[in-house]
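All values below come from the heavy atoms of this structure, side chains included, with hydrogens, waters and symmetry mates left out. In this chain, numbering begins with 1 at the start of the sequence shown.
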Amino acid sequence: MPLGNAIVGALIWQKDSMLRMSLDHVGLWDLRPMVNGDSLSKYNFKWVESQVLKEDYGPVQLRYDLPYDTSAFPSKIPGGALEFNLKTLGKADSVRLYLHNAICEVRWDGGACLQTLVHATENAGWFRFDNVPEGFKPVLTPPTYHIPEANASVNSLSTALGRLGYPQGTVEEDGTTIVYRQPGSNGFYYEIAVSYRPDGNSLEGVWSIRPKPESGVPSETIVAWTEKTLRQGFTQAFASHSEWWAAYWAKSSVTIPDATLAKQYYREMYKFGSAARSYSPPISLQAVWTADEGKLPPWKGDFHHDLNTQLSYWPCYAGNHLDEGLGYLNWLWETMPANRRYTKEYFGAEGVAVPGVATLKGEPMAGWCQYTMSPTVSAWLAQHFYLH
């Protein structure tokens, strides 16, 4: 079940005998230039054209396709997970995602119940268990960034995390607080913290995930923030969270005679509300739900500026969600300098082209250049300014 607020997200699922909450943050990126990536001005559009005219396209693939497939970075990276042992809870009796207030509820035949959400406007995920045994608590499980397959071959669909070259992060537990810190590259690191409070046969807790260095990050530590936030309590957090979602759904509605189509429409609008804000980056390939399978995400979880980003924002106009749609436009505006630089270097022209495949900062990631470096991309993206 997907939960999110466009900055952080969680996937709720069962892995073997554990309930798993896969945690994500849009700012988790390795932004190092790709290995063997040549300067765009050295091998540019004119050079590609000359190779086409010579009917010798192999060198183009070596310069653009191969680096994207074989370099582990730049790439979105996974966060980590919270896990809960299900052996004492019995079999899952029901699993529901309530779209109107974005809360997931799971019930087990032994009487246990979970309610969990990602707060609509805060960097916080909440969980509350009732009717669980004494000692029931979360385990913070980090990705395995240092693994034996570090020297294995890579491609855009299956890349071992070890190829990033990170040391394995550390998990520290102090009473009812757990914190995980994962070093990255060039001074980047991220932290995940969870604070929880047992109360008889109930357990409630809050988690947060924070990349650093990051502008606008509160000065207090992530541990201090989660411990303070936990004192608000699940009920208070759920109330303010529900207010945001009530306002979101009040912006528009449709009536569709076919129940299956109606359900799908509201599911998709729920996902849009979970993945778009005026202050967030655009919706990437996996949005705030980076694949949790021990590897880099498929196609590096990047920004594919074809229907992957374009169509994702079409509902905001007729659906009266212009504020959420602003995230796309704001990001395109903020990355304008990078786009102008790319246009000058690759096309040898003034103006604004946009790479079809881009990093969090808008930098081109190469790949199949007929697509990733097409001169038509920015025309389709510019239409969103008109639609808005």
Let me know which of W333, F272, Y313 forms a ring-ring contact (aromatic ring centres under 6.0 Å, His included) with Y328.
-> Y313
Partner of Y180 under ring-ring contact (aromatic ring centres under 6.0 Å, His included), chosen from Y189, Y190, Y145, W207 | Y190
Going by atom types alone, do D30 and S75 pair a side-chain donor with an acceptor below 3.5 Å?
-> no
Looking just at side-chain N and O atoms, do W29 and T359 make a donor-acceptor pair shorter than 3.5 Å?
-> no
Linking Ile, Leu, Val, Met, Phe, Trp and Tyr through side-chain heavy atoms less than 4.5 Å apart, which residues share a cluster with I222?
->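 Members other than I222 - counting any ILVMFWY side chain reachable under 4.5 Å - are V179, V223.
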Between K295 and T159, is a side chain to side chain contact (heavy atoms under 4.5 Å, CB included) present by the stated rule, with each step listed?
-> CA-CA 6 Å; K295 299 178 181 179; T159 304; 5.7 Å; no
So, do [X] and [Y] sit near enough that their side-chain heavy atoms are less than 4.5 Å apart?
| X | Y | answer |
| --- | --- | --- |
| H321 | S252 | yes |
| Q14 | L19 | no |
| S242 | I103 | no |
| L296 | I77 | yes |
| L3 | L97 | yes |
| W244 | Y248 | yes |

Kindly determine whether Y57 and V48 satisfy side chain to side chain contact (heavy atoms under 4.5 Å, CB included), including the steps that lead there.
-> CA-CA 8 Å; Y57 200 71; V48 173; 4.2 Å; yes
Among all residues two or more places apart in sequence or in another chain, which pass the salt bridge (charged side-chain N to carboxylate O under 4.0 Å, His left out) test with K344?
->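 Residues passing salt bridge (charged side-chain N to carboxylate O under 4.0 Å, His left out) with K344: E350.
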Under 4.0 Å between a Lys/Arg side-chain N and an Asp/Glu carboxylate O for K251 and E324?
-> no
Under a 4.0 Å N-O cut-off, is there an ion pair linking K300 with D302?
-> no
Contacts under 3.5 angstrom, residues 374-388 side chains, donor-acceptor by atom type, not counting sequence neighbours:
from: S374; atom 1: OG; to: T376; atom 2: N; distance (Å): 3.1
from: S374; atom 1: OG; to: T376; atom 2: OG1; distance (Å): 2.9
from: S378; atom 1: OG; to: V352; atom 2: O; distance (Å): 3.1
from: H384; atom 1: ND1; to: Y317; atom 2: OH; distance (Å): 2.6
from: H384; atom 1: NE2; to: Q310; atom 2: O; distance (Å): 3.2
from: H388; atom 1: NE2; to: L322; atom 2: O; distance (Å): 3.0

Using the six-membered ring wherever Trp is involved, compare the ring planes of F45 and F347 and label them parallel, tilted or perpendicular (cut-offs 30° and 60°).
->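 Ring orientation, 0 to 90° scale: tilted.
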Please output the side-chain donor-acceptor pairs of residues 82-92 that fall under 3.5 Å, not counting sequence neighbours, one pair per line with the distance.
from: E83; atom 1: OE1; to: T141; atom 2: OG1; distance (Å): 3.0
from: E83; atom 1: OE2; to: R20; atom 2: NH1; distance (Å): 2.8
from: N85; atom 1: OD1; to: K87; atom 2: N; distance (Å): 2.9

Check step by step if side chain to side chain contact (heavy atoms under 4.5 Å, CB included) holds for D93 and W108.
-> CA-CA 5 Å; D93 187 49; W108 287 268; 5.7 Å; no
Got a donor-acceptor contact below 3.5 angstrom from the E204 side chain to the F234 backbone?
->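 Judged by distance alone, yes, a pair lies under 3.5 Å.
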Quick one: closest heavy-atom pair of V206 and T229, and the distance?
->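 Distance-wise, the nearest heavy atoms are CG2-CG2, 4.1 Å.
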Summary of side-chain hydrogen bond (donor to acceptor under 3.5 Å, both in side chains) pairs that have at least one residue in residues 268-283, sequence neighbours excluded | Q264-E268, E268-K271
Please tabulate, for the side chains in residues 360-368, all donor-acceptor contacts under 3.5 angstrom to protein atoms that are two or more places apart in sequence or on a different chain.
from: E363; atom 1: OE2; to: R341; atom 2: NH2; distance (Å): 2.5
from: W368; atom 1: NE1; to: Q370; atom 2: OE1; distance (Å): 2.7

Take T290 and D24 through the side-chain hydrogen bond (donor to acceptor under 3.5 Å, both in side chains) test and state the conclusion after the steps.
-> CA-CA 6 Å; T290 298; D24 195 17; 2.8 Å; yes
Under the 6.0 Å and 45° cation-pi test, does R63 pair with Y43?
-> yes
Worked verdict on S185 versus F73 for side chain to side chain contact (heavy atoms under 4.5 Å, CB included) = CA-CA 10 Å; S185 61; F73 45 80; over 6 Å; no
